[in-house]
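Here is the naming used below: chain letters follow the sequence lines, and residue numbers restart at 1 for every chain.
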Amino acid sequence: MEYNYREIEKKWQGAWKKSGVYKVSNDSPKPKFYVLDMFPYPSGAGLHVGHPLGYIASDIYARYKRLKGFNVLHPMGYDSFGLPAEQYALETGQHPAVTTEKNIETFRQQLDNIGFSFDWSRELRTSDPHYYKWTQWIFLQIFNCWFDKKENKARRIEDLVEIFEQTGNTADNGQRQTQRLFSANQWKDFSDEEKQEVLMEYRLAYSAFGEVNWCEALGTVLANDEVVNGVSERGGHPVVKKKMRQWYMRITDYAERLLGGLEKVDFSDAMKEMQRNWIGRSEGAEIEFSLTPNPSPGGEGSKQSLKIEVYTTRPDTIFGVDFMVLAPEHELVSQITTKEQQPAIDNYLTYVKSRSDRERMAEVKQVTGCFTGAYAVNPFSGKQIPVWIAEYVLAGYGTGAIMAVPCGDQRDFDFAKHFGIPVTNIIGDYFNGQDANPTKEAILTNSGFLDGIQMKDAIAIVNDKIEEIGIGQRKINYKMRDAGFSRQRYWGEPFPIIYKNGVAYPVDLNELPVELPHVEQYSPGPDGQGPLANIREWVNLGGGIQRETNTMPGYAGSSWYFLRYMDPHNDAEFADKKATDYWNQVDVYIGGTEHAVGHLLYSRMWTKVLYDLGYIGFDEPFKKLVNQGMIQGVSQIAYVATNDFEEGVHKSMRNTVTIPNSPPASVPESMLHLYSSEILNDENKHLFKPYNIPVDVVEINTVNSERNMLNIELGQKLYSQRLSAIYIKSKTYYYKGNWRSWNEENNSWEIIEAQPFFTASMSEKMSKSKYNVVNPESLIDKYGADTFRMYEMFLGPVEQSKPWDTKGIEGVHRFLKKLWRLFFDEVKGPIWTTLAPSPSERAGGEVSPEELKVLHKAIKKIGEDTERFSYNTAVSAFMVCVNELHDLKCYKKEILEPLLILLAPYAPHIAEELFHQLGNTTSVIDAHYPKFESKYLVESEQEYPVSINGKMRTTIIMSADVQPAEAERIALANEVVNKWIEGKPVKKVIFVKGKMVNVVV
RNA sequence: GCGCAUGUGGUGAAAUUGGUAGACACGUCAGACUUAGGAUCUGAUGCCGCAAGGUGUGGGGGUUCGAGUCCCUCCAUGCGCACCA
């Protein structure tokens, strides 16, 4: 009997589906465990080998925990709203719902082939009205609450109204988000519109005018993390700043808790660090600087006492302030500019406006700025300080103004140097006059009352002083901005918001969901509005009431989907509290690093809001996060000479090729030497042009001797022998010494035209255009899902990114066949045995200590490795175990059966099949994980490595309970040891029990 | 520029607490069985060397009886952030 994976896998996938073995109950006496994958966006391209990596890892863990006696929730669904479906709709007119449905079908089929243990009865899709009803509902909860800074949590907006009614908005009730302060009576006199306007400044989901990242090509606004280097993350279109009314999530209010929450979750340091950087907390102080009266004629400034408020993290350097800089957009600029400087300032402002973010980022840091003519006064030294404006100060951070300390800050130093502003040195020898030195170690000089104090101690002293004399206070700032929450798109959740007299109101809860209307056209509406604005009858509700026409961004649905899995069919609530209490946090969350800031921060925020409002009992969604590495494609590239090519010339290719002035972008540096020095000197030049060769040509359509035909070594070989030539087209194969193309019409191979080339391979992202996509189907067809699963795990640590390489898959496949042969012989059939029931009948057929040792070694190792996600070493432990059982000729059910249970999480199909072949009638999926017994590993003797002066020289077998003195005696008596001691006196002998012996001479 | 991560055979990698570096595989070489081998099995395989032996975890330095592992420093690669005061 042969290992027929095709039949076995089909059979069991069908059987599992039929028996509903993966259906999970919310009602179980077992302890719970929640294993979650980041759900996929169902793109049209389908799965490639990189996608399932995380799914396989989580599946193994889920199955393992189930065997360990847990009630495991392991669901899957689709993040099915999003841009690509809409872009596709724009191009083809196909409704996104249709393409999404089709794509999901493909995904599902691909996933099913791999044998995952998902509970599909809990499947969800973010674009399903039954789901987004609750996305809208949660949005309204967020809309209807504000962040109480005293209690550091979200509260119902009604509570705030009550506060306003009782005490108004005063400086001391801690809620002065708005600039507007008012008494209780004033509040009561406000019109409804005014009240709503005030409340909007508190709501956690709010609408406001703001500078947004506007992407003309996509016709929408993008969140900060969707913009990369000034262009859109999707598609790479230019992005500009634009003022628009937008919805926002007031995530900045949660900055401190998002930061603090990182302490109690198990994420990688890199991941935590990325989130910390994104939040960007800094401690400092806000300090007011008075301006000297504006001397210009008619100067109104002389009457008012204008002040510039700056933010600094280094108040200790205040005596080193040589100038001040305002952001060009700063509101004071127009007030303080002197008449003489007005033309220059106007010029500069025009220049700043003319530059997009893109330009500012693209160029190397350039020093620009302009003097306003105004002077501020240092509150401590009384020194007059010129006030400048410059691009390098950002309006959106801190107060939009800085005190510049050139000796301590490189940007300030560069600025001072460029504009010839004298630099005050307050750090003595720490300042070399050439560069700024941001040290905190220096003893301050030229610093008035701070002289002689070390900088890091001076910070607190200055802060106290500032607060004492009332010119400022300590202040914590965050780089993070509120998250833009509206998109001018069609394929997303509509907002459950209507406008009356321009004021936003929530729709009635019983009107949810606000369903996405069907449209025939996806082109943008007027004035930068989304496509929904085109549907008049949907937008206009009569009586001057209108719907919001924006839709929610991609991260809306994904910010809470992990909760919905707990109770996916509930029509009365987003999830029953009983269900969320039972399942609680996601115990293990697996997905890629690309969601480090976006998705993870937003879902953490939503969880905290729901927690604050009492809907759920935990405020961090994910207890442990495992980041799977990216699997890169290995592109096979042929560098082909592109100029005219004469017969025979390839024989002296060395003289006929060169590269253009700059090498083609994708020529790996390691290849350049091949032709650069020796080849350049000829008039008869050829240019090399890189072509991506489809990888399946290399992987599949080659026979053994031609395998790896296109790898780098061979490319070099072919090149150096000047032998081969190719012409690249997508359906081109190197076969039997020739490059051939399949001619569809004649149904035959044709040898094709030859050109000189050399080849190389390089790792890059898998993509269709690079012809380097390897999809699971062909591999599963050739080796089976179990082999595929184990091979993906065997490739290396889950967290590590690595290039895909199909070569090693044979080894894993061989392992499974070898396992099979412990049970069945091709000719003889079943060879596994079982012990007779009574000891008297066994006659030497007992399970031997060696066999038990092999088994229990595996139980220990594989259990530990699985627990810590070290799947590659677990797979290797399986191999070791099977190899050893083969050596022992052990075919005993008593050993093999527990091994199958160990294997079930990794290779469920073959494990199930063999488990049944052994006579079991229940599923291996519900078996009990074998218990490790250390007694089987106890040895009476142990081999000790013996080193002389730390160099390993020999090994000696000693009894397990050997005492140090005895071990020393044995070691020193050893022949090899004596040879290396060379008669020198032994200084000491180090004996570490169970480890080694080291003789020092 | 700042932050984080990673550097180990021809290749993917292992070494969990400082204790026999290279487990397990791929590949390669030799052999067995075979009409055949893209099946299976056996053996070899870090590098130098006939061998004894030497040498070896990116480079240099240090701590230690002992360092891939700890410390310092430099280099390379990858990722993230990037005028955040």
Side-chain angles (χ1 to χ4, degrees), chain A residues 2 228-229 268-278 280-282 284 310-314 317 325 360-361 365-367 390-394 396-405 408-412 414-415 438 477-481 593-594 596-597 630 702-705 707-708 711 713 763 791 794-797 799-812 814-815 817-818 821 826 861 864-865 868 870 872-880 883 886 943-955 987-992 994-1001:
Chain A
E2 247 186 16
V228 179
N229 291 330
S268 70
D269 289 344
M271 187 60 47
K272 288 186 181 181
E273 202 55 35
M274 259 189 249
Q275 295 203 12
R276 283 194 198 107
N277 282 344
W278 185 260
R281 181 184 199 272
S282 71
V310 301
Y311 175 72
T312 180
T313 54
R314 295 298 300 275
T317 60
V325 187
R360 279 173 67 163
M361 282 175 184
K365 276 165 204 162
Q366 219 180 31
V367 183
E391 271 187 297
Y392 84 93
V393 173
L394 306 175
Y397 183 76
T399 60
I402 62 156
M403 56 180 225
V405 183
D409 184 293
Q410 193 58 44
R411 292 159 305 179
D412 297 346
D414 293 342
F415 193 86
N477 262 329
Y478 303 94
K479 285 189 220 171
M480 184 168 66
R481 306 293 145 85
T593 354
E594 64 272 23
V597 284
M630 276 247 293
T702 52
V703 287
N704 199 31
S705 60
R707 180 179 297 173
N708 307 325
N711 69 15
E713 291 89 356
S763 295
Y791 181 58
F794 189 56
L795 223 45
E799 302 88 353
Q800 198 171 302
S801 290
K802 54 231 157 193
W804 176 263
D805 179 3
T806 310
K807 274 189 291 182
I809 200 167
E810 300 275 357
V812 174
R814 253 172 238 161
F815 153 73
K817 283 194 282 192
K818 198 165 178 179
R821 288 201 310 276
E826 261 181 65
K861 173 85 175 142
E864 286 170 0
D865 285 355
R868 66 189 174 101
S870 179
N872 54 333
T873 54
V875 173
S876 107
F878 279 117
M879 291 171 169
V880 171
N883 288 346
H886 257 283
E943 190 186 52
Y944 277 89
V946 179
S947 359
I948 286 79
N949 286 338
K951 266 208 185 319
M952 220 287 281
R953 295 301 182 186
T954 185
T955 59
K987 283 191 201 138
K988 68 174 156 177
V989 177
I990 288 148
F991 171 77
V992 182
K995 295 283 190 193
M996 44 61 71
V997 180
N998 188 16
V999 180
V1000 186
V1001 294

Mind checking Thr593(A) for me? I need base, sugar-phosphate or nothing, with any heavy atom below 4.0 Å counting as a touch.
nothing
Once you apply a heavy-atom cut-off of 4.0 Å, does Lys987(A) come out as touching a base, just sugar-phosphate, or nothing?
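The answer is nothing, as Lys987(A) stays clear of every strand by at least 4.0 Å.
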Lys479(A) and Asn277(A): side-chain donor and acceptor closer than 3.5 Å?
no
Please check the phosphate of [N] (OP1 and OP2 only) for any side-chain N or O of [X] closer than 4.0 Å.
X	N	result
Ser801(A)	C79(B)	no
Gln800(A)	A13(B)	yes
Asn883(A)	A25(B)	yes

Given atom [atom1] of [X] and atom [atom2] of [N], what is their separation to the nearest angstrom?
X	N	atom1	atom2	result
Lys807(A)	G10(B)	NZ	P	14 Å
Lys817(A)	G38(B)	NZ	C1'	9 Å
Met274(A)	C81(B)	CE	C1'	10 Å
Gln410(A)	G1(B)	CD	P	12 Å
Gln275(A)	C4(B)	CD	C1'	14 Å
Tyr392(A)	G1(B)	OH	C1'	16 Å
Tyr791(A)	C26(B)	OH	P	10 Å
Glu864(A)	U16(B)	CD	P	12 Å

State, to 0.1 Å, how close [X] and [Y] come at their nearest heavy-atom pair, and which atoms those are.
X	Y	answer
Tyr392(A)	Ala404(A)	OH-CB, 4.4 Å
Ala390(A)	Phe415(A)	CB-CE1, 3.6 Å
Asn949(A)	Val1000(A)	OD1-CA, 3.4 Å
Val310(A)	Ile402(A)	CG1-C, 3.6 Å
Glu943(A)	Thr955(A)	OE2-OG1, 3.3 Å
Ser876(A)	Phe794(A)	CB-CE1, 4.1 Å

How many angstroms lie between [atom1] in [X] and [atom2] in [Y], if you round to the nearest 0.5 Å?
X	Y	atom1	atom2	answer
Arg868(A)	Thr873(A)	CZ	OG1	5.0 Å
Tyr791(A)	Phe815(A)	OH	CZ	15.5 Å
Trp278(A)	Arg481(A)	CH2	CZ	9.5 Å
Ser268(A)	Met274(A)	OG	CE	7.0 Å
Asp409(A)	Met403(A)	CG	CE	10.0 Å

Taking only the [atom1] atom of each, what is the distance from [N] to [M] in whole angstrom?
N	M	atom1	value
U64(B)	G1(B)	C1'	38 Å
U16(B)	A23(B)	C1'	14 Å
A5(B)	A85(B)	C1'	28 Å
C47(B)	G9(B)	P	12 Å
A44(B)	A52(B)	P	16 Å
U28(B)	A39(B)	P	12 Å
A14(B)	G31(B)	C1'	29 Å
A13(B)	G56(B)	P	24 Å

Considering only nitrogen or oxygen atoms on both sides, find all protein atoms under 3.5 Å from nucleotides 41-45 of chain B and state each distance.
residue: C41(B); atom: OP1; partner: Arg821(A); partner atom: NH2; Å: 2.5

Give me the stems containing RNA chain B, sorted by first residue, counting only three or more consecutive Watson-Crick or G-U pairs with both distances under 3.5 Å; say none if there aren't any.
B:1-7 with B:75-81, B:10-12 with B:24-26, B:27-32 with B:40-45, B:46-48 with B:53-55, B:58-62 with B:70-74
For Ile402(A) and for Ser876(A), find the nucleotide of RNA chain B with the closest heavy atom, then tell me which residue's nucleotide is more 5'.
Ser876(A)
Pick the closest RNA chain B nucleotide for Asp409(A) and for Arg868(A) by heavy atoms, then say which residue is nearer the 5' end.
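Nearer the 5' end of the strand: Arg868(A).
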Excluding sequence neighbours, so at least two apart, what forms salt bridge (charged side-chain N to carboxylate O under 4.0 Å, His left out) with Lys861(A)?
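Salt bridge (charged side-chain N to carboxylate O under 4.0 Å, His left out) check on Lys861(A) returns Asp865(A).
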Using the rule side chain to side chain contact (heavy atoms under 4.5 Å, CB included), only one of Met630(A), Met271(A), Glu799(A) pairs with Thr593(A); which is it?
Met271(A)
Identify which one of Val997(A), Asn998(A), Val946(A), Val999(A) satisfies the side chain to side chain contact (heavy atoms under 4.5 Å, CB included) criterion when paired with Phe991(A).
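When Val997(A), Asn998(A), Val946(A), Val999(A) are each tested with Phe991(A), the side chain to side chain contact (heavy atoms under 4.5 Å, CB included) holds only for Val997(A).
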Between N or O atoms, less than 3.5 Å apart, protein on one side and nucleotides 17-22 of chain B on the other: list the pairs.
none

With the criterion being N/O to N/O and under 3.5 Å, what pairs connect the protein with nucleotides 52-58 of chain B, and how long is each?
residue: G53(B); atom: OP1; partner: Lys979(A); partner atom: NZ; Å: 2.9
residue: G54(B); atom: OP2; partner: Arg953(A); partner atom: NH1; Å: 3.2

Which of these nucleotides, U16(B), A25(B), C65(B), is closest to any side-chain atom of Lys861(A)?
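Among the listed nucleotides, the one closest to the side chain of Lys861(A) is U16(B).
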Go through A15(B), A85(B), C4(B) for me and flag the one nearest to the Ala270(A) side chain.
C4(B)
Is the base of G9(B) syn or anti, if syn means a glycosidic angle within 90° of 0?
syn
Output all residues satisfying side-chain hydrogen bond (donor to acceptor under 3.5 Å, both in side chains) with Arg814(A), sequence neighbours left out; order by chain, then residue number.
none
